[in-house]
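Step one of this worksheet: look at the structure below.
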Amino acid sequence: MATFTRTIGVGKPSTELDNDKVPCSSPSGIAVLIVGAGVGGLMAALECHRKGHSVRIFEKSKTASAGGDMFTIGLSARKIMRHYPAMQRELDEISLNTKWMRFRKWTGEDIGKAFPFKSMVKAVRDDEIPMVTQLRPLYHAMLYHQVQRFGIDVTFGKRVVEYYEDVGRGVGGVVTDDSEHAEVDLVIAADGLHSHSQKLGGQTKCKPSGLSLFRAVLPLELALANELVREYFGLYEDKHPVQQAWIGPNTHAVILSYVDKNSENGQVIWALAFRERGEQLTKESWHHTVTSEAVLKVIDETPGWGEPFKALVKITPPNHIIGWPLMHRDPAPRVHAPGCRILQIGDAAHSFLPTSGNGATQAIEDAITIAECLAQAGKDSIPTAVKTHNLLRADRVSCAQYLGVFNAENYYKRDFSEATIDPSAIAPKVPKWVWQLDPEEYARENYAAAAASLEEGRPAFVNTNTPPGYEPTPWSLDSISRSEREGKKLELSGDWS
Ligand SMILES: Cc1cc2nc3c(=O)[nH]c(=O)nc-3n(C[C@H](O)[C@H](O)[C@H](O)COP(=O)(O)OP(=O)(O)OC[C@H]3O[C@@H](n4cnc5c(N)ncnc54)[C@H](O)[C@@H]3O)c2cc1C
């Protein structure tokens with residue numbers, strides 16, 4: 001097995017592969033191939049294995065080395081940890097426990113004081129916080145360690161270049177760049193935004209959303225050496241991780257400063273979202289770096305950006321800033337090939353604006369759902385499992401994507417001249433329907449009714465994993481732009497509290 005390389009770190013995540021016994025179902029006889037060992041693919045492998053399906057993974061990268069910086073993981077995606085004691089221990093070790101949050105205008109002016117993150121999300125206990133920030137490399141490593149504990153076969157350096165299915169023979173297949181053909185009962189495409197599986201259905205073409213991101217990670221030590229940066233982006237009370245959002249017209253930045261629980265090392269992670277003035281960059285690559293000067297040029301297009309944030313950008317070392325265009329993909333009503341032998345999950349099925357905080361969470365929910373649907377359906381009814389998965393997921397994912405659009409509007413279209421801004425009014429919406437769900441239970445309890453509704457003449461199945469009172473309403477970036485041109489505000493159907 002490949003060894004794991006950490007790109008950024010906190011704590012001392014255990015790499016010992018102790019023998020924590022996770023109870024697994026007896027073999028289902030279903031063979032699954034997962035393409036992509038990202039967060040969605042790894043979780044799908046774990047859940048398929050736990051449910052008794054035979055599973056292997058193809059990953060194009062040469063090792064399980066994970067990149068990136070931070071992402072949010074919702075409670076709905078964390079509930080599954082109850083089945084995995086060793087992973088839960090590792091999660092406790094790597095969690096940042098960011099307890100402090102503060103809002104500022106883009107100028108640097110305070111919007112209220114720093115306040116406990118928990119109060120913003122009205123959680124009672126730490127382990128109930130609806131959304132937590134995690135370091136992607138460590139979260140990914142945690143999942144990978146469990147894949148190793150289970151002994152799941154991961155083939156690195158295997159790039160899938162084609163997907164196909166043969167309904168007659170009841171197989172899904174892939175072709176790799178070294179001309180290997182692999183066929184199984186179900187191929188799960190978890191290979192991210194540009195999955196070749198999309199030729200067989202699923203995501204619509206992407207188009208520029210008009211927004212882009214710059215994101216970077218730098219050592220805390222370097223940040224603290226600059227007086228202005230230390231004053232604004234130092235740790236809370238010199239020791240606690242703190243997350244900030246700086247919000248302005250058509251722009252916002254998120255800055256996380258943290259220190260390793262077991263050493264003096266720490267990092268500052270920042271991300272700046274902005275509306276492109278000229279032609280938008282369109283290449284989505286985690287390797288596309290830009291210079292500090294390029295970022296500062298963009299910053300200066302919005303008058304008034306505070307000097308502390310500019311100073312943070314200036315001290316960010318060369319080749320540390322990634323330029324990431326936010327490409328929009330309308331919700332896809334169907335995320336599987338016509339014969340239901342190829343299913344897309346995670347980014348291969350849907351993409352999110354960062355203001356939804358749901359990219360990784362929904363990928364994990366997808367993974368949990370398909371594993372349970374397959375368990376419910378059994379080997380003879382895989383197409384039904386896949387269609388039912390689609391039915392259980394589509395409305396919810398569409399709502400979670402819409403949440404990102406809504407939160408972005410709430411951030412950007414604010415009247416910043418108001419004398420006092422209530423921090424709770426600008427905090428991104430984190431509705432109960434998103435985080436309260438237990439996706440495994442939901443799939444288990446609703447599988448039979450949802451699957452039955454697929455039969456001709458049966459009444460439609462109504463999901464309850466969406467906002468209470470929500471009427472499924474198709475939407476697209478075009479329909480939103482049209483409403484905006486007509487001066488209409490974005491509407492929320494049902495209860496989004
Ligand atoms: C390197 C990297 C860094 C990231 N950093 C961040 C971040 O800092 N913050 C954030 O919010 N999100 C980040 N993301 C995206 C985030 O992980 C996803 O939006 C979310 O977790 C959903 O995960 P996913 O498994 O669907 O997709 P991904 O995490 O994108 O994983 C897809 C996997 O498929 C593999 N793959 C792609 N094409 C093929 C192919 N043809 N054959 C075989 N394997 C293939 C990729 O190498 C990757 O491992 C990052 C993604 C990657 C790949």
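Numbering of ligands and ligand atoms starts at 1, following listing order.
- Ligand 1 has at least one atom lying under 4.0 Å from a heavy atom of R215.
- Y139 and F71 have perpendicular rings, their planes meeting at more than 60° on a 0 to 90° scale where under 30° would count as parallel.
- Both the backbone and the side chain of K60 come within contact range of ligand 1, each with a heavy atom under 4.0 Å.
- Near A363, with a cut-off below 4.0 Å to any heavy atom, the atoms of ligand 1 are 22 (C).
- Considering S195, A190, A349 only, the shortest heavy-atom separation from atom 32 (C) of ligand 1 involves A190.
- In the model, Q376 has no side-chain atom that pairs as donor or acceptor with a side-chain atom of R444 under 3.5 Å.
- Evaluated by nearest non-hydrogen atom to atom 26 (O) of ligand 1, the leading choice among I34, D347, D177 is D347.
- Polar contact with ligand 1: absent for I345 (N/O pair, distance under 3.5 Å).
- Counting all heavy atoms, side chain and backbone alike, A385 lies closest to A377 at CB-CB, 3.6 Å.
- Annotation: atom 37 (C) of ligand 1 to nearest protein heavy atom, D191 O, 3.2 Å.
- The proximity of A360 to ligand 1, defined as any non-hydrogen pair under 4.0 Å, involves the side chain as well as the backbone.
- Atoms of ligand 1 lying under 4.0 Å from at least one heavy atom of S61, given by number and element, are 47 (O).
- Atom OG1 of residue T466 and atom CH2 of residue W433 lie 7.5 Å apart, to the nearest 0.5 angstrom.
- Of the possible polar contacts, none joining the R169 side chain to the D166 backbone as a donor-acceptor pair under 3.5 Å is found.
- Between T72 and T361, the shortest heavy-atom contact is O-OG1, 3.5 Å.
- If you number the atoms of ligand 1 from 1 as listed, the ones under 4.0 Å from a heavy atom of R159 come out as 41 (N), 42 (N).
- Near G192, meaning under 4.0 Å from any of its heavy atoms, are these atoms of ligand 1: 32 (C).
- Taking a cut-off of under 4.0 Å to the non-hydrogen atoms of M70, the atoms of ligand 1 that pass are 7 (C), 8 (O), 9 (N), 10 (C), 11 (O).
- Among all non-hydrogen protein atoms, the one lying nearest atom 35 (C) of ligand 1 is E59 OE1, 3.2 Å.
- Distances from atom 29 (O) of ligand 1 to the heavy atoms of E284, R136, H140, E162 put R136 nearest.
- Ring geometry, F309 versus W270: the interplanar angle exceeds 60°, so the pair is classed perpendicular (tilted spans 30 to 60°).
- Of all the heavy atoms in T316 and S292, the pair that sits closest is O-OG, 3.6 Å.
- For atom 51 (C) of ligand 1, the closest heavy atom belonging to the protein is W286 NE1, 3.2 Å.
- Residue D69 approaches ligand 1 through these ligand atoms, each under 4.0 Å from one of its heavy atoms: 7 (C), 8 (O).
- For the ligand labelled ligand 1, residue K158 lies inside the 4.0 Å heavy-atom shell.
- The single protein non-hydrogen atom nearest to atom 41 (N) of ligand 1 is V160 O, 2.9 Å, given as residue, atom name and distance.
- For the pair A253 and W305, the tightest heavy-atom approach, listed with the atom from each and the gap, is CB-CH2, 3.9 Å.
- Residue V35 approaches ligand 1 through these ligand atoms, each under 4.0 Å from one of its heavy atoms: 42 (N), 43 (C).
- Atom 24 (P) of ligand 1 has its closest protein heavy atom at G40 N, 3.9 Å.
- Heavy-atom proximity to G346, at under 4.0 Å, picks out these atoms of ligand 1: 26 (O).
- Considering all non-hydrogen atoms of both residues, H83 and R50 come closest at CD2-NH2, 3.2 Å.
- The nearest non-hydrogen atom to atom 11 (O) of ligand 1, considering only F71, Y139, F352, comes from F71.
- In this structure, F150 and H49 have parallel ring planes: the angle between them is below the 30° cut-off, well short of the 60° mark.
- In plain terms, the two heavy atoms of L312 and L218 that are nearest each other are CD1-CD2, 4.1 Å.
- The protein heavy atom nearest to atom 31 (O) of ligand 1 is G38 CA, 3.4 Å.
- Around atom CD of E180, more than 12 heavy atoms belonging to other residues, nucleotides or ligands sit under 6.0 Å away.
- Between F274 and F214, the ring planes are parallel. Angles under 30° get that label, and only those over 60° would be called perpendicular.
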